[in-house]
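Note sheet for the following structure.
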Amino acid sequence: MNQTVKFAVALLLSMTSTSIWAQWGAPRDPNPNIGLKDAYKNYFMVGVALNQRNVSDEDQKKLAIKEFSSITAENDMKPGELHPKEGVWNWEKADKIADFCRQNGIKLRGHCLCWHSQFADWMFTDKKGKEVKKEVFYERLREHIHTVVNRYKDIVYCWDVVNEAIEDNPRPTFANGKFTPGSPYRQSRHFKLCGDEFIAKAFEFAHEADPNALLFYNDYNECDPGKRDRIYDMVKKMQDAGVPIHGIGMQGHYNIYGPSEEDIDAAITKYSQLVKHIHVTELDIRVNQEMGGQLRFSRGENKPLAGYQNTMLTDQYNRIFKIFRKHKDVIDCVTLWNLSDRDSWLGVNNHPLPFDENYKPKQAYFAIKNFDTKLDNAKPKEDFRPNPCNQPGQDYPQVNSEGYARFRVEAPDAKSVIVSLGLGGRGGTVLRKDKDGVWVGTTEGPMDPGFHYYHLTIDGGVVNDPGTHNYFGSCRWESGIEIPAPDQDFYACRQDIPHGTITQVLYPSKSTGKMQTAMVYLPPTYGKLVDKKGLPVKEGKAGLLERFPVLYLQHGWGENETSWGKQGHAGLIMDNLIADGKIKPFIIVMAYGLTNDFKFGTIGQFTAKEFETLLVDELVPFIDANYLTKADKWNRAMAGLSMGGMETKLITLRRPEVFGYWGLLSGGTYMPDDIKDPSAVRVIFESCGDKENPDGIKKSVEALKAAGYDATGFISEGTAHEFLTWRRSLREMAPLLFQAPEK
Ligand code: XIL
């Protein structure tokens with residue numbers, strides 16, 4: 001995190017409840033005491049592949065016991081490890097894993113009995129090194145399978161009997177004018193000796209040894225439509241011939257870019273036509289573009305997980321587990337291939353697992369565990385419309401009547417496109433290429449109503465969405481989107497009423513050594529002649545120029561003087577309140593509050609001193625000299641949102657002679673002890689969203705009232721630390737300003 005963002009986060013934390021973190025993407029766990037296995041108890045077992053280090057380390061053992069209900073030995077039960085030579089058996093490591101399972105009541109998946117790799121290759125040759133006949137091979141394989149299966153019968157509930165016997169890319173041949181399709185089978189030593197009969201034999205031997213064990217065919221790239229069909233055809237052929245194949249193991253060696261949900265869903269659906277049991281046997285999601293179980297792969301660059309990769313990783317785990325949950329009827333176990341990134345066979349720099357190299361949960365872990373069943377079946381209503389913030393002629397982004405947002409971005413050569421807007425804690429919405437090669441995606445659920453900043457991250461680089469207008473927030477011009485709010489009429493741009501103006505003014509500032517900018521809202525009647533009662537006079541009649549009170553209204557961290565007028569709709573809110581007779585007109589001055597470029601250490605050292613000088617000693621006199629203002633403290637208010645609220649609090653308390661009305665919008669609270677002179681202020685207004693820290697506001701307002709202050713609290717329904725909270729706050733605060741009787 002850079003310093004500025006760190007500061008902002010500290011600021012937000014100091015003011016709001018932890019729910020704000022959800023918006024800021026920091027992982028949080030509402031269920032820290034339960035493990036993945038518990039979260040999925042109504043779905044399927046969640047398993048993990050363990051190595052010897054894992055079962056020798058107390059902390060790692062604890063983690064495995066907490067999180068997982070099924071274990072696979074990563075290597076220790078493979079034929080080459082257990083049975084390296086005829087008559088030589090190495091049981092120690094496999095026994096250690098089996099004993100760990102026995103001691104902790106965790107089920108053990110047997111992996112694996114027959115594979116082209118890490119195999120007992122001695123089975124293929126005689127003492128002289130000559131290839132044996134297939135009958136000899138079968139005898140040896142049978143003895144191997146019987147011995148291993150019998151030894152672990154009490155604890156192993158299923159076996160990967162045959163592993164990876166199907167070809168990745170069968171190559172057709174063309175010879176003598178004849179086209180021969182490539183073999184669907186991997187051209188392994190097993191296959192070359194026995195044809196596909198070895199598959200049948202292995203299953204038969206395993207079934208003889210333990211008729212109660214579930215027997216699996218296991219493979220990788222199992223979602224690739226071609227390989228999927230080859231696997232399907234092989235299993236079907238075997239089953240039709242009476243071979244006891246009960247389940248299909250989908251290894252699940254994926255990456256952050258794929259496979260697509262469609263391909264995963266289609267593979268599960270297809271396999272479920274053949275078997276009642278599907279296990280995802282070796283799930284991991286690497287951050288490069290490689291995929292599959294091939295034993296040659298790059299081990300990742302020596303880099304920490306980049307933010308956008310973390311978002312992609314979280315998203316991919318989230319999508320995949322959603323599909324798994326949908327297929328819980330046929331999926332009965334999902335196993336992660338290794339306990340943490342540190343253990344991963346892909347290398348720590350591929351960052352493929354939900355636990356990082358320090359065995360700490362990553363964002364992906366929280367997404368997997370804390371799933372929301374409502375979202376699993378949610379389908380947005382297809383009434384999406386172009387968003388009001390869009391640039392002319394742009395159809396996207398779109399928003400539907402429920403508050404879902406849909407994005408469409410053209411970036412033909414990009415590898416990844418992420419929209420920073422999405423459900424809390426996930427880091428945004430990851431777009432996927434549609435059939436036309438355009439990046440599309442819809443938020444996983446409805447967004448909070450109101451205005452949201454966002455940007456795109458394309459292959460790790462941040463850019464704006466060319467579909468929308470830009471709004472100053474997070475110290476940059478961000479894309480913006482507006483989710484319709486139930487009460488949006490109060491900031492609508494109405495045709496039937498007069499409108500005021502918002503103009504930019506430049507004012508000289510000695511303290512900062514340059515011209516500074518402020519935006520000034522003037523009500524519709526500003527500059528018009530009125531009679532003594534303040535009513536407009538007929539044209540040609542004599543009258544007075546009315547003078548107005550002034551609200552100095554501050555933006556938050558990362559924003560500037562344009563924010564309240566543009567995304568805050570302060571002018572429209574005022575015009576509507578004035579037209580509806582709810583307030584007497586006043587001026588609003590919105591200055592840049594120096595929030596983005598001051599030097600700071602910690603939040604405690606933030607004094608707002610520079611801005612106090614700029615505001616009180618330079619801007620206020622400038623405004624009073626150049627506008628028709630009522631230039632006294634009882635006609636001057638100061639309010640601010642978020643960090644602008646902090647500025648307001650500091651400055652109003654230090655300079656009570658300047659401002660008579662004070663407002664803090666998601667920007668902290670006053671306590672009676674803060675205020676030295678009770679007659680310094682006529683009205684205090686404090687507010688926040690109900691997803692922030694409403695209790696803080698309630699407590700403060702109660703205390704202020706008890707101490708005799710005219711204090712009002714307002715809690716915005718269904719909103720967090722964002723502009724709908726502050727638009728509503730302005731609507732609620734404006735009628736209270738400049739109205740209180742003299743004390
Ligand atoms: C891998 C192990 O994780 C590595 O430690 C070992 O060096 C090679 O095998 N498909 C499988 C697993 O079925 O057994 C493989 O495990 C990964 C691919």
Side-chain angles (χ1 to χ4, degrees), residues 15 450-451 485 487 489-491 500 502 519 521 523 548-556 559 563-565 567-591 593 630 633-649 651-653 658-670 675 680-690 692-694 696-698 700-702 704-705 709-717 719 721-741:
M15 295 183 307
F451 174 84
D487 53 349
D489 285 352
F490 81 88
Y491 51 85
I502 295 183
M519 306 300 288
Y521 168 79
F548 296 90
V550 184
L551 163 64
Y552 289 83
L553 184 60
Q554 288 312 123
H555 58 84
E559 296 173 334
S563 304
W564 261 111
Q567 49 271 41
H569 292 324
L572 295 173
I573 294 169
M574 290 295 288
D575 294 342
N576 294 340
L577 288 171
I578 293 168
D580 294 342
K582 291 189 176 144
I583 60 166
K584 288 220 188 105
F586 56 83
I587 295 170
I588 303 182
V589 175
M590 297 156 279
K630 293 184 174 167
K633 106 167 222 173
W634 299 119
N635 285 294
R636 222 181 272 125
M638 181 174 183
L641 71 89
S642 193
M643 195 162 163
M646 290 189 69
E647 293 182 323
T648 301
K649 181 173 170 182
I651 295 172
T652 51
L653 291 173
V658 185
F659 303 101
Y661 292 78
W662 307 348
L664 308 182
L665 323 181
S666 308
T669 53
Y670 294 98
I675 307 165
V681 55
R682 284 201 182 149
V683 168
I684 294 175
F685 178 88
E686 294 175 351
S687 68
C688 72
D690 61 7
E692 299 187 79
N693 186 9
I697 300 290
K698 282 177 204 149
S700 153
V701 169
E702 267 167 35
L704 289 168
K705 279 186 172 159
Y709 289 95
D710 180 346
T712 300
F714 167 70
I715 307 300
S716 163
E717 208 183 299
T719 63
H721 201 71
E722 51 203 359
F723 248 109
L724 187 55
T725 304
W726 307 318
R727 289 175 185 166
R728 287 174 176 167
S729 299
L730 176 59
R731 177 193 67 197
E732 297 299 311
M733 178 178 68
L736 308 173
L737 300 181
F738 316 119
Q739 302 300 317

Taking all heavy atoms of [X] and all of [Y], pick out the closest pair and write down the distance.
X	Y	answer
Tyr491	Ala485	OH-CB, 3.5 Å
Thr652	Thr648	OG1-O, 2.6 Å
Met733	Gly663	SD-CA, 4.1 Å
His555	Ser563	CB-CB, 4.3 Å
Arg727	Gln567	NH2-O, 2.6 Å
Ala734	Leu577	CB-CD1, 3.7 Å

Would a 4.5 Å heavy-atom cut-off, applied to side chains only, mark [X] and [Y] as touching?
X	Y	value
Cys688	Leu665	no
Ser642	His721	yes
Thr712	Leu736	yes
Asn635	Val550	no
Lys582	Phe490	no
Asp710	Arg682	no

In Å and rounded to the nearest 0.5 Å, what is the [atom1] to [atom2] distance from [X] to [Y]?
X	Y	atom1	atom2	result
Leu572	Met574	CG	CE	11.5 Å
Arg731	Ser716	CZ	OG	8.0 Å
Leu664	Ile697	CG	CD1	7.5 Å
Thr669	Leu704	OG1	CG	8.0 Å
Leu641	Leu553	CG	CG	7.5 Å
Ser687	Ile715	OG	CD1	7.5 Å

- Any side-chain donor near an acceptor of the partner, Tyr521 and Asp575, under 3.5 Å: yes
Specify whether Phe685 and Phe714 have parallel, tilted or perpendicular ring planes, treating 30° as the upper limit for parallel and 60° as the lower limit for perpendicular.
-> parallel
### Task
Return the orientation label for the Tyr670 and Trp662 ring planes: parallel under 30°, perpendicular over 60°, tilted otherwise.
tilted
>> Would you say CD of Glu717 has more than 12 non-hydrogen atoms from neighbouring residues, nucleotides or ligands within 6.0 angstrom?
In response: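 Atom CD in Glu717 is not packed in, count stays at 12 or less.
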Check the surroundings of atom NZ in Lys633: do more than 12 heavy atoms from other residues, nucleotides or ligands lie under 6.0 Å from it?
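Yes, the 6.0 Å shell around NZ holds more than 12 heavy atoms from other groups.
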Only one of Leu730, Ile588, Ile573 passes side-chain contact (heavy atoms from CB on, under 4.5 Å) with Trp564, and that residue is Leu730
Steps toward ring-ring contact (aromatic ring centres under 6.0 Å, His included) verdict (His569, Trp726):
CA-CA 10 Å; His569 292 324; Trp726 307 318; over 10 Å; no
> Between the side chain of Ser729 and the main-chain N/O of Thr725, is any donor-acceptor distance below 3.5 Å?
Replying inline: yes
_Closer than 3.5 angstrom, by distance alone: can the side chain of Glu722 be matched with the main-chain N or O of Phe451 as a donor-acceptor pair?_
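Between the backbone of Phe451 and the side chain of Glu722 there is no qualifying donor-acceptor contact (under 3.5 Å).
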*Summary of salt bridge (charged side-chain N to carboxylate O under 4.0 Å, His left out) pairs that have at least one residue in residues 635-645, sequence neighbours excluded*: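 Non-adjacent pairs meeting salt bridge (charged side-chain N to carboxylate O under 4.0 Å, His left out): Asp624-Arg636.
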